[in-house]
Amino acid sequence: MTTDIYAAALSVKEKPATIRKWINRGQLTHHGYDQRRRVKVDLDELADLVAAKRAATDAEAA
């Protein structure tokens, strides 16, 4: 399911700016714009990316 980055940020507890950075770095796919010209992302892809990043952070801390 695709949604705008503001709703996506709330669902994964990240800042919209962080999601924009991931899109710009090519870590997350940009899926066009909604009717208000907000960037759309895939929630499943975002959740997988966040989980991987949090696991890597936990591994570094251990």
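Side chains are part of it too, since the values below use all heavy atoms of this structure and drop only hydrogens, waters and symmetry mates. No experiment lies behind these values; they were computed from the predicted model shown.
Contacts of Asp34 classified as side-chain hydrogen bond (donor to acceptor under 3.5 Å, both in side chains), with partners at least two apart in sequence or in another chain: Arg38.
Checked by atom type and distance alone, the side chain of Gln27 never pairs as donor or acceptor with a backbone atom of Leu49 at under 3.5 Å.
Distance CG/Asp42 to NE2/His31: 4.5 Å, rounded to 0.5 Å. The structure places CG of Leu28 at 10.5 Å from CG of Asp48, a figure rounded to the nearest 0.5 Å. Atoms NZ and OG1, from Lys40 and Thr29 in turn, are 13.5 Å apart once rounded to the nearest 0.5 Å.
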Show me the donor-acceptor pairs, under 3.5 Å and distance only, between side chains in residues 55-62 and residues at least two apart or in other chains.
unit_1 : atom_1 : unit_2 : atom_2 : d
Thr57  : OG1    : Lys53  : O      : 2.9

Less than 3.5 Å apart, which donor and acceptor atoms pair up between the side chains of residues 8-23 and the rest of the protein, not counting sequence neighbours?
unit_1 : atom_1 : unit_2 : atom_2 : d
Ser11  : OG     : Ala8   : O      : 2.8
Glu14  : OE2    : Arg54  : NH2    : 3.4
Arg20  : NH2    : Tyr6   : OH     : 2.8

